[in-house]
S.K.: 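Before I ask anything, let me first share the structure, which is written out below as structure tokens.
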Amino acid sequence: MPSEPRRISLLQGDITKIQVDAIVNAANSSLLGGGGVDGAIHRAAGPELVHACRLLGGCKTGQAKLTPGFRLPAPWIIHTVGPVYRDGMQGEAQQLAACYRACLSIAAERNFQSLAFPAISCGIYGYPILEACSIAIREISQFLATNASPATVVLVAFDSQVHQAFSQILQDLD
Ligand code: AR6
């Protein structure tokens, strides 16, 4: 098994196009769709997704739930709800860390080999990007250090600011 930093890779692009065992959705607590990556995932997965999500009864901030990927290349979607960033004093960092751990735990339970994350809370929810990306990489590396599954994690940056932040933090890790 390669060391943890080698199990994390970075891509710039659209998470709905990626062929991995599961992609993570940065959803809201209704799980019924929205803008940003959530909107893109619902459009690409097709209308079956919202039907499956309706049966889940929503999701609390920091938790995660699983659905099939329907028309996506990825067979599974792990939906998580990141914190809305207010002033950093409302437990946002703990909630964001909990999102990454909850998604990774589902992937490990299901024995998923590959998992792709967007930058949770870094869009509409307004989390400062460098801080959020460093929480993401810290939680993912800690989890991989003690779990064989998922074997690989792909960080998917849609915009260059997120790409820059992830790549800087990954370099420091190496
Ligand atoms: N692939 C990968 N990343 C993407 C994509 C994509 N197709 N589209 C956007 N991003 P956001 P949040 C990036 O706003 O901040 C929704 O309405 C985006 O550039 O999608 O957690 C939900 O329903 C940013 O870096 O999620 C919630 O109401 C990152 O994904 C709310 O937004 C996250 O941005 C959640 O807000």
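Counting starts at 1 for both ligands and their atoms, following the listed order.
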S.K.: Any idea which atoms of ligand 1 are less than 4.0 Å away from a heavy-atom of D14?
M.R.: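 Selected atoms, number and element: 1 (N), 6 (C), 7 (N).
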S.K.: Between I137 and F166, is any pair of side-chain heavy atoms under 4.5 Å apart?
M.R.: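 Yes; the side chains approach each other to less than 4.5 Å.
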S.K.: Taking only heavy atoms of A40 into account, list the atoms of ligand 1 that are under 4.0 Å away from them.
M.R.: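 In order of numbering, the contacting atoms are 7 (N).
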S.K.: Just verifying a value: how many Å separate T67 OG1 and H79 NE2, rounded to the nearest 0.5 Å?
M.R.: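 It is 3.0 Å, given to the nearest 0.5 Å.
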S.K.: Measuring from the heavy atoms of G82, does anything fall under 4.0 Å of ligand 1?
M.R.: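 Under 4.0 Å: no for G82.
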S.K.: Going by heavy-atom distance to atom 34 (O) of ligand 1, choose the closest among G123, A157, G126.
M.R.: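 Among G123, A157, G126, the closest heavy atom to atom 34 (O) of ligand 1 belongs to G123.
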S.K.: Taking distance alone, with N or O pairs closer than 3.5 Å, would you say I124 contacts ligand 1?
M.R.: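 Such a contact does occur with ligand 1.
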S.K.: Which pairs pass salt bridge (Lys or Arg N to Asp or Glu O under 4.0 Å) with one or both residues in residues 110-126, sequence neighbours excluded?
M.R.: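 Every pair satisfying salt bridge (Lys or Arg N to Asp or Glu O under 4.0 Å) with a residue in residues 110-126: there are none.
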S.K.: On a heavy-atom basis, which atom in I15 and which in A116 lie closest, and how many Å separate them?
M.R.: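 Minimum heavy-atom separation between I15 and A116: CD1-O, 3.6 Å.
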S.K.: T16 versus ligand 1: do any nitrogen or oxygen atoms come within less than 3.5 Å of each other?
M.R.: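 No, no N or O pair falls under 3.5 Å.
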S.K.: Can you report which non-hydrogen protein atom sits closest to atom 17 (O) of ligand 1, along with the distance?
M.R.: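 It is G35 N, 2.7 Å.
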S.K.: Starting from atom 21 (O) of ligand 1, which protein heavy atom do you reach first, and at what distance in Å?
M.R.: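 For atom 21 (O) of ligand 1, the nearest protein heavy atom is S121 N, 2.8 Å.
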S.K.: At a 4.0 Å threshold, what atoms of ligand 1 neighbour a non-hydrogen atom of V162?
M.R.: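 Close to V162: 25 (O).
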S.K.: Just going by heavy-atom distances, which of L31, V37, D159 is nearest to atom 20 (O) of ligand 1?
M.R.: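 Comparing heavy atoms across L31, V37, D159, the nearest one to atom 20 (O) of ligand 1 lies in V37.
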S.K.: Nearest non-hydrogen contact with atom 23 (O) of ligand 1 belongs to which option: D38, V84, L11, I15?
M.R.: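 When every heavy atom of D38, V84, L11, I15 is considered, D38 comes closest to atom 23 (O) of ligand 1.
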S.K.: With a 4.0 Å cut-off on heavy atoms, is G13 touching ligand 1?
M.R.: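 Per 4.0 Å heavy-atom rule, G13 contacts ligand 1.
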S.K.: Suppose we call two aromatic rings close when their centres sit under 6.0 Å apart. Are Y100 and F117 close by that rule?
M.R.: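 Ring-ring flag for Y100/F117: true, centres closer than 6.0 Å.
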S.K.: For F158 and ligand 1, does the shortest N/O to N/O distance drop below 3.5 Å?
M.R.: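 No - when backbone and side-chain N and O of F158 are compared with those of ligand 1, no distance drops under 3.5 Å.
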S.K.: Between the side chain of K60 and the main-chain N/O of S29, is any donor-acceptor distance below 3.5 Å?
M.R.: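 Checked: no pair found.
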S.K.: For a 4.5 angstrom cut-off between non-hydrogen side-chain atoms, does I78 reach L115?
M.R.: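 A side-chain contact under 4.5 Å exists here.
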S.K.: Enter the distance from T61:OG1 to L96:CG here, rounded to the nearest 0.5 Å.
M.R.: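 Result: 11.0 Å between the selected atoms.
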